[in-house]
Amino acid sequence: MTSNSVASNPIKQFSLQRLKPLAPVLGILIALLFSSILLVLSGANPLQAYQKLLLGAFGGSRQLTETLLKTTPILIIALGLAIAFKARVWNIGAEGQYHIGALLGGWVALTFPTLPAILLIPLMLIAGGLGGLLWSGLAGLLHLKRGVNLIICTLMLNYIGILLVQYAARVPLRDPNGFLPESAKFVAAARLPRLGDSRLHIGVLLALILVGLAYVLLWRTTLGFRLQAVGAKLSVAEWVGIKTGRSILTALLISGTLAGLAGVIEVSATYTRLKPSISDGYGFTGILVALLGQLHPVGILVAAVLFSALEVGAQGLNVSLQIPAAVAGVLQALLVLGVLAGQAIAQREPTA
């Protein structure tokens with residue numbers, strides 16, 4: 001059956017339309033199937049392993065707190081990447097932008113320790129977002145003005161950003177009274193306020209607010225329409241008068257700003273100082289989460305929680321069933337591949 005015959009057959013069209021929203025569910029089922037095979041080969045009972053995984057991520061207030069704390073930077077970064085990807089701006093540099101945001105925000109915390117929290121924390125957040133913006137803007141200008149490949153440029157800037165943080169923590173910002181290559185601990189005023197007596201902080205609420213703001217930006221503003229128009233067809237966007245170069249740069253700047261904001265939130269609330277290592281690969285995980293969430297803010301929220309739950313829950317698997325914690329990475333990869341496969345199946349038109 002040709003595509004024209006499918007289009008002329010309302011029953012076939014209806015079945016295809018109903019199948020597409022179920023693509024993520026189909027992908028998760030595919031991932032669970034292959035994950036179960038992997039667990040069996042590891043000598044574990046899949047049902048028992050999944051139960052331990054869920055309990056390790058959501059089985060109590062402590063586990064849920066750890067999952068939400070892990071979710072926060074991934075979610076913020078993925079939202080920014082989704083905005084860029086909607087415009088087909090392939091920002092692979094969120095990891096570097098995250099580090100530069102953490103560096104500038106941390107510098108503010110160490111330079112102005114006497115400021116009250118009501119001034120210091122907003123300054124840190126602004127500096128962190130500005131750091132990510134400048135780092136992504138550098139890649140954007142190299143791409144637009146010099147024709148440098150954006151994927152390669154943003155990817156290489158990751159390593160420079162990471163090395164700059166390592167240098168700063170070891171040399172100019174190193175604590176002179178400490179033994180480790182890290183900065184002095186931030187004063188209490190430079191740490192994000194906690195939510196009640198838990199380890200949760202206001203960065204968690206900010207991440208949730210950004211989900212709504214990202215949705216409004218993409219589907220309720222002229223800027224969002226322009227970005228999606230550029231992503232849909234660059235030549236058509238230019239023909240209708242959209243300044244595509246400006247739109248590409250704008251998407252990059254928004255994406256970098258959110259990555260930098262995630263960096264300063266994490267270094268303020270979790271690490272409370274600058275260290276050579278301040279990330280668990282959040283920038284690269286954000287790419288997978290954005291794709292798994294199908295570039296939709298609500299889908300990204302679900303995907304970020306799911307990815308974080310896999311990482312946190314995998315630690316319980318290691319303790320209770322002696323399954324390596326690295327299995328979480330395999331499960332995450334299978335999940336992404338499964339969802340992509342489900343989407344491919346749902347979008348495939350019958351040929352006969």
Side-chain angles (χ1 to χ4, degrees), residues 73 76-85 87 89-112 119-169 171-173 183 186 190 203 206 210 213-214 217 223 227 243-268 271 274-276 278-279 281-284 286-287 290:
I76 295 174
I77 290 171
L79 289 171
L81 291 174
I83 293 171
F85 293 168
V89 177
W90 306 118
N91 178 17
I92 313 298
E95 185 76 2
Q97 295 147 21
Y98 167 98
H99 276 78
I100 297 300
L103 175 60
L104 291 191
W107 176 83
V108 169
L110 295 169
T111 305
F112 306 102
L119 293 177
L120 184 56
I121 289 177
L123 280 177
M124 290 173 60
L125 295 178
I126 292 171
L130 183 61
L133 179 146
L134 292 174
W135 211 240
S136 61
L138 175 60
L141 291 176
L142 289 173
H143 172 66
L144 295 172
K145 300 298 184 181
R146 291 291 181 263
V148 178
N149 183 282
L150 188 58
I151 294 177
I152 295 175
C153 184
T154 52
L155 182 62
M156 292 299 101
L157 284 174
N158 282 332
Y159 301 104
I160 299 175
I162 293 170
L163 291 172
L164 283 175
V165 170
Q166 292 179 356
Y167 171 75
V171 184
L173 299 180
S183 74
F186 296 165
L206 180 58
L210 287 172
L213 292 178
L217 171 65
L223 174 60
L227 294 179
K243 296 180 179 179
T244 56
R246 180 182 296 179
S247 297
I248 290 171
L249 184 59
T250 300
L252 262 177
L253 294 179
I254 295 174
S255 180
T257 299
L258 291 184
L261 184 63
V264 69
I265 287 174
E266 190 69 3
V267 80
S268 169
Y271 295 97
L274 278 175
K275 297 183 176 183
I278 55 171
S279 172
Y282 294 136
F284 299 110
I287 297 173

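Computed from a predicted model, the values in this text were never measured in an experiment.
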Enter the distance from Leu206:CG to Leu125:CG here, rounded to the nearest 0.5 Å. 7.0 Å
Could you check Ile152 against Val148 for side chain to side chain contact (heavy atoms under 4.5 Å, CB included), going step by step and ending with a plain yes or no? CA-CA 8 Å; Ile152 295 175; Val148 178; 5.8 Å; no
Going by heavy atoms in the side chains, are Leu210 and Leu261 under 4.5 Å from each other? yes
Nearest-0.5 Å distance that lies between atom CG in Leu130 and atom CG in Leu123: 11.5 Å
His99 and Trp135, any side-chain heavy atoms less than 4.5 Å apart: no
Kindly say whether Ile151 contributes a backbone atom to a donor-acceptor pair with the side chain of Thr154 at under 3.5 angstrom? yes
Mind telling me whether Trp107 and Phe112 have parallel, tilted or perpendicular rings, with 30° and 60° as the class edges? perpendicular
Tell me whether His143 contacts the main-chain N or O of Asn149 through its side chain, where contact means a donor paired with an acceptor under 3.5 Å. no
For the side chain of Ser268 and the backbone of Ile265, is there at least one donor-acceptor N/O pair under 3.5 Å apart? no
Looking at side-chain heavy atoms only, is the closest gap between Leu79 and Ile83 below 4.5 Å? no
Any side-chain heavy-atom pair from Leu104 and Val108 closer than 4.5 angstrom? no
Could you tell me which non-hydrogen atom of Phe186 sits nearest to which non-hydrogen atom of Ser183, and how far apart they are? CE2-OG, 4.2 Å
Using side-chain heavy atoms (C-beta onward) and a distance below 4.5 Å, is Ile254 in contact with Leu223? yes
Leu110 vs Leu173 side-chain heavy atoms within contact, under 4.5 Å: yes
Can any side-chain N or O of Thr250 pair as donor or acceptor with the backbone N or O of Arg246 at less than 3.5 Å? yes
Residues Ser136 and Gly256: closest non-hydrogen pair is OG-CA, 3.5 Å
Residue pair Gln166 / Pro276: nearest heavy atoms and the distance that separates them: CG-O, 3.4 Å
Quick check for you: to the nearest 0.5 Å, what is the distance between Leu133 atom CG and Leu252 atom CG? 10.0 Å
Within the 4.5 Å heavy-atom criterion, are Leu144 and Leu249 side-chain neighbours or not? yes
For the residue pair Leu81 and Asn91, what are the closest heavy atoms and their distance? CD2-O, 3.3 Å
Donor-acceptor check, side chain of Tyr98 to backbone of Ile278, threshold 3.5 angstrom: yes or no? yes
Side-chain donor or acceptor of Gln97 paired with backbone N/O of Gly93 under 3.5 Å: yes
Taking every heavy atom of Ala290 against every heavy atom of Ala82, the minimum-distance pair comes out as CB-N, 4.3 Å
Specify the closest pair of heavy atoms between Glu95 and Gly283, including all atoms of both residues, with the distance to one decimal. OE1-N, 2.6 Å
Side-chain contact, heavy-atom cut-off 4.5 Å: Ile77 with Ile287? no
Please check this pair: side chain of Asn158 against backbone of Ile92, looking for a donor-acceptor N/O pair closer than 3.5 Å. yes
